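What you see is a predicted model; the values in this text were computed from it and never measured.
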Amino acid sequence: MPQWLCNQLMRAFMKKDRRQIRLLNDCWYFYRTKQHPNDDSASL
(Lines give C-alpha, C1' and ligand atoms only; values in the text may rest on other atoms or scores of the structure.)
Protein backbone atom coordinates (compact mmCIF):
# COMPACT_ATOMS: atom_id res chain seq x y z
CA MET A 1 0.00 0.00 0.00
CA PRO A 2 1.40 3.43 -0.89
CA GLN A 3 2.48 5.51 2.10
CA TRP A 4 0.22 8.45 1.19
CA LEU A 5 -2.81 6.15 1.20
CA CYS A 6 -1.78 4.56 4.48
CA ASN A 7 -1.41 8.00 6.09
CA GLN A 8 -4.82 9.14 4.86
CA LEU A 9 -6.46 5.93 6.09
CA MET A 10 -4.91 6.35 9.54
CA ARG A 11 -6.13 9.94 9.66
CA ALA A 12 -9.64 8.91 8.59
CA PHE A 13 -9.76 6.15 11.22
CA MET A 14 -8.58 8.54 13.93
CA LYS A 15 -11.31 11.03 12.97
CA LYS A 16 -13.83 8.16 12.59
CA ASP A 17 -14.76 9.55 9.18
CA ARG A 18 -16.69 6.66 7.64
CA ARG A 19 -17.20 8.38 4.30
CA GLN A 20 -13.46 8.99 3.90
CA ILE A 21 -12.62 5.42 4.98
CA ARG A 22 -15.03 4.04 2.39
CA LEU A 23 -13.61 6.28 -0.33
CA LEU A 24 -9.99 5.35 0.47
CA ASN A 25 -10.92 1.67 0.62
CA ASP A 26 -12.43 1.92 -2.87
CA CYS A 27 -9.27 3.69 -4.06
CA TRP A 28 -7.13 0.89 -2.65
CA TYR A 29 -9.13 -1.84 -4.43
CA PHE A 30 -9.07 0.16 -7.67
CA TYR A 31 -5.29 0.64 -7.33
CA ARG A 32 -4.75 -3.06 -6.62
CA THR A 33 -6.74 -4.22 -9.64
CA LYS A 34 -4.90 -1.78 -11.91
CA GLN A 35 -1.49 -2.89 -10.58
CA HIS A 36 -2.19 -6.64 -10.97
CA PRO A 37 -4.86 -7.09 -13.65
CA ASN A 38 -4.18 -10.84 -14.10
CA ASP A 39 -3.92 -11.64 -10.38
CA ASP A 40 -6.99 -13.52 -9.10
CA SER A 41 -6.37 -12.46 -5.48
CA ALA A 42 -6.81 -8.79 -6.45
CA SER A 43 -10.44 -9.37 -7.38
CA LEU A 44 -11.45 -10.64 -3.92
Side-chain angles (χ1 to χ4, degrees):
M1 178 180 291
Q3 191 60 43
W4 63 268
L5 184 58
C6 191
N7 290 341
Q8 286 192 18
L9 268 170
M10 283 195 300
R11 206 172 300 130
F13 271 102
M14 289 169 72
K15 291 181 179 179
K16 298 178 180 161
D17 185 351
R18 289 183 179 181
R19 188 185 62 84
Q20 186 73 2
I21 293 167
R22 226 173 271 131
L23 175 71
L24 293 168
N25 191 43
D26 288 343
C27 290
W28 170 238
Y29 280 107
F30 180 75
Y31 175 84
R32 269 184 44 185
T33 56
K34 292 297 177 186
Q35 290 297 104
H36 307 287
N38 296 331
D39 187 6
D40 290 332
S41 64
S43 63
L44 295 175

Notebook entry, point to check: From Met10 CE over to Leu5 CG, what is the distance, rounded to the nearest 0.5 angstrom?
Noted result: 10.5 Å
Margin query: My understanding is that only residues two or more places apart in sequence, or in another chain, count here; which of them pass side chain to side chain donor-acceptor pair (under 3.5 Å) with Asp26?
Written below: none
Checklist line | Pair listing, ring-ring contact (aromatic ring centres under 6.0 Å, His included) test, anchored in residues 8-28, at least two apart | finding: Trp28-Tyr31
Next item on the list: Would you name the heavy atoms of Gln20 and Ala12 that are closest together and state the gap between them?
Entry: CG-CB, 3.7 Å
Check: What's the spacing between Cys6 SG and Arg11 CZ if we round to 0.5 Å?
Finding: 10.5 Å
Check: Applying the 4.5 Å side-chain criterion to the ILVMFWY set and letting contacts propagate, would Trp4 and Leu9 be lumped into a single cluster?
Finding: yes
Check: More than 12 non-hydrogen atoms from neighbouring residues, nucleotides or ligands closer than 6.0 Å to CE on Met14, yes or no?
Finding: no
